There are 2 protein chains.
Amino acid sequence: MGRPKEFDVDEALCAALEVFWRHGYEGASLSDLTDAMGITRPSLYATYGNKEELFRKVLDRYEQSHLCFVADALAEPTARRAIERLLKGYADVLTDPMHPPGCLGVNSGVACGEAGSTIRDELVARRSLSERTLRERLDKAAADGELPPEEDPADWARYVMAVGLGMAVKASSGADRAELHRVADLALRALPSTCSAL
Amino acid sequence: MGRPKEFDVDEALCAALEVFWRHGYEGASLSDLTDAMGITRPSLYATYGNKEELFRKVLDRYEQSHLCFVADALAEPTARRAIERLLKGYADVLTDPMHPPGCLGVNSGVACGEAGSTIRDELVARRSLSERTLRERLDKAAADGELPPEEDPADWARYVMAVGLGMAVKASSGADRAELHRVADLALRALPSTCSAL
DNA sequence: GGCTCACTATATCGATCGGTACAAAACCTC
DNA sequence: GAGGTTTTGTACCGATCGATATAGTGAGCC
């Protein structure tokens, strides 16, 4: 019962994603958002809560629709293949002309004012979780003998994450897909030879 | 003639640097700045112009007082030593507990609203200049035979920059000095063996 | 001492920020 | 249709944004 919504909740969320992606969390104003989403301010609050909750919903959608390649990458049989697919897939997302350049999480969470500190913490936590997931994959590689015992999986996970984050900043600055793929190729050269043998 | 200033221009600039470094360009409000600088709003405008000009002055000071190690690093006799000193020195600055974590330029320039777009462009240009300077150092390495002819100095410069930028994001997220040094160590492993021989 | 000049402080500017109160409009059930 | 419920559009809230007008204050010069 009651009056039905005149807009598609998921479609509007997608429009909000575009705005947050381009301008970051604090850089995106409610006017920017409502304009892009094609809805009015009260509709936004009634449907998504407030700006912060909307951003969290956008984040979830972003991860499951643009970062979904991560799970497949980690499922690759070798650590080298996994890391390569991780970095190349990330490079593709960061420079896809269909979307704003760079990474939503990095664009929104590097620095902020007082208002965005909780969002910043949330993004730090999500990145930390990603690194942990990668480390666990590399733990497995170490157990399989793919990573020599003198190598620390945590160090390698941190290194791969750092390269990815750096690619994200470079993408925001205008780097294109080919450039980031070359970055990934050079980054892969650091892997121990026992990794590249497979 | 006239009434003398009651504050030290350079000291106040240093306080402004701290605020911008911590909160980014847009995240730092004029109230944050004047409070930290210990001066009133009209004094700020009379002395530094406006927020944007103040930030540019802060940027210049930042580069010459915290990024001054770059010139020394590039002057190292070998490319490997240069890159190592570049990354290690950068890691030290990013995690120096005397200052806010991360890089002023990265914290301020990844994403922004409408107001900060000219600042963003400026920061992109400065990073581009840094990468160009590094590439020219690697051109020399290639000419010296230190870098094999099949290796592209531009690719290596881009890779090193990406690693540095990634370390900056990780530092903003709480990574410490030792962690970033290990990232740098792994990044250095990618270098061709002809580089590491020296 | 008077004068000039640069700096300081208060108070405020219009614009925009995130967030809502209110009432008209559109749908359902009965 | 009538009543109840939800969404919509408008208009607005207090707070804060960057930026100033204006008046008062303190120093050097004649």
Side-chain angles (χ1 to χ4, degrees), chain A residues 1-13 15-17 19-20 22-59 108-109 111-122, chain B residues 1-13 15-17 19-20 22-59 108-109 111-122:
Chain A
M1 51 180 106
R3 179 174 174 177
K5 280 192 198 303
E6 292 183 0
F7 65 96
D8 185 273
V9 174
D10 213 56
E11 196 173 323
L13 198 68
L17 167 57
V19 175
F20 278 127
R22 187 173 303 280
H23 297 111
Y25 174 67
E26 288 191 302
S29 73
L30 280 183
S31 297
D32 293 334
L33 291 166
T34 52
D35 286 352
M37 298 166 83
I39 66 177
T40 62
R41 216 168 280 227
S43 294
L44 189 153
Y45 277 83
T47 307
Y48 307 98
N50 57 19
K51 188 185 181 182
E52 186 172 326
E53 289 184 42
L54 170 62
F55 183 74
R56 270 178 230 275
K57 291 176 171 55
V58 162
L59 256 188
S108 298
C112 56
E114 202 70 23
S117 60
T118 81
I119 289 297
R120 211 192 77 101
D121 294 342
E122 162 101 26
Chain B
M1 53 179 106
R3 181 175 173 179
K5 278 190 200 305
E6 291 183 359
F7 65 96
D8 185 274
V9 175
D10 213 57
E11 196 172 323
L13 198 68
L17 166 58
V19 175
F20 278 126
R22 187 173 303 280
H23 296 112
Y25 174 68
E26 290 190 300
S29 73
L30 279 184
S31 298
D32 294 334
L33 291 165
T34 52
D35 286 352
M37 298 167 82
I39 66 176
T40 62
R41 216 167 279 227
S43 293
L44 189 153
Y45 278 84
T47 307
Y48 307 97
N50 57 18
K51 188 184 182 184
E52 186 172 325
E53 287 183 44
L54 170 62
F55 183 74
R56 270 178 230 275
K57 289 176 171 56
V58 162
L59 256 189
S108 298
C112 57
E114 202 70 23
S117 60
T118 79
I119 289 297
R120 212 193 76 101
D121 294 342
E122 162 101 23

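Nothing here was measured: the structure is a model prediction, and the numbers come from that model. In the text below, chain A, chain B and the rest are named by the order of the sequence lines, each starting its count at 1.
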Rounded to the nearest angstrom, tell me the gap between atom [atom1] in [X] and atom [atom2] in [N].
| X | N | atom1 | atom2 | value |
| --- | --- | --- | --- | --- |
| A:Leu44 | C:dC17 | CG | C1' | 14 Å |
| B:Glu114 | C:dA15 | CD | P | 17 Å |
| A:Asn50 | C:dG18 | CG | P | 11 Å |
| B:Tyr48 | D:dG18 | OH | C1' | 17 Å |
| A:Glu26 | C:dT16 | CD | C1' | 15 Å |
| B:Lys5 | C:dA9 | NZ | C1' | 15 Å |
| A:Tyr45 | C:dC22 | OH | C1' | 17 Å |
| B:Leu30 | C:dC13 | CG | C1' | 14 Å |

Check: With a non-hydrogen cut-off below 4.0 angstrom, is A:Pro4 in contact with a base, only sugar-phosphate, or nothing?
Finding: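 Contact class for A:Pro4: sugar-phosphate only.
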Next item on the list: Please tell me which of A:Ile39 and B:Ala28 maps to the more 5' nucleotide of DNA chain D, matching each residue to the nucleotide holding its nearest heavy atom.
Entry: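 Its nucleotide being nearer the 5' end, the pick is A:Ile39.
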Notebook entry, point to check: So which one's nearest nucleotide on DNA chain D is more toward 5', A:Ala46 or A:Arg41?
Noted result: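 So the residue in question is A:Ala46.
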Check: Do any side-chain nitrogens or oxygens of B:Ser43 fall under 4.0 Å of OP1 or OP2 in C:dC7?
Finding: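 No, because none of the side-chain N or O atoms of B:Ser43 sits under 4.0 Å from OP1 or OP2 of C:dC7.
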Margin query: As a test of reading the structure: which of D:dG9, D:dC17, D:dT7 is closest to the side chain of A:Thr40, going by heavy atoms?
Written below: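 Of all the options, the side chain of A:Thr40 is nearest to D:dG9.
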Note to self: By nearest atom, which of the nucleotides C:dT8, D:dA19, D:dT8 is closest to the A:Pro42 side chain?
What the structure shows: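 Of all the options, the side chain of A:Pro42 is nearest to D:dT8.
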Next item on the list: Using a 4.5 Å cut-off on heavy atoms from C-beta on, say whether the side chain of A:Thr34 contacts that of A:Thr40.
Entry: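 The answer is no, as the side chains (C-beta and beyond) never meet within the 4.5 Å cut-off.
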Notebook entry, point to check: Is there a side-chain contact between A:Tyr25 and A:Leu59, using heavy atoms and a 4.5 Å cut-off?
Noted result: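 SC-SC contact between A:Tyr25 and A:Leu59 ruled out.
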Note to self: Quiz question: by atom type and distance under 3.5 Å, do the side chains of B:Thr118 and B:Asp121 form a donor-acceptor pair?
What the structure shows: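 Per modelled atom types, B:Thr118 and B:Asp121 side chains form no pair under 3.5 Å.
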Notebook entry, point to check: Taking the nucleotide of DNA chain C with the closest heavy atom to each, which residue, A:Gly49 or A:Ser29, is nearer the 5' end?
Noted result: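 Whichever sits nearer the 5' end wins; that is A:Ser29.
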Notebook entry, point to check: On a plain distance test, is the side chain of A:Arg3 in donor-acceptor contact with the base of D:dT7 below 3.5 Å?
Noted result: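 Checked by distance alone, the answer is yes.
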Next item on the list: Evaluate the ring planes of B:Tyr48 and B:Phe7, with Trp represented by its six-membered ring, and classify them as parallel (under 30°), tilted (30 to 60°) or perpendicular (over 60°).
Entry: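 The rings of B:Tyr48 and B:Phe7 sit tilted, inter-plane angle from 30° to 60°.
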Margin query: Which residue is it: B:Glu53, B:Lys57, B:Lys5? I am looking for the one with a side chain to side chain donor-acceptor pair (under 3.5 Å) to B:Thr47.
Written below: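 Of all the options given, the one that passes is B:Lys5.
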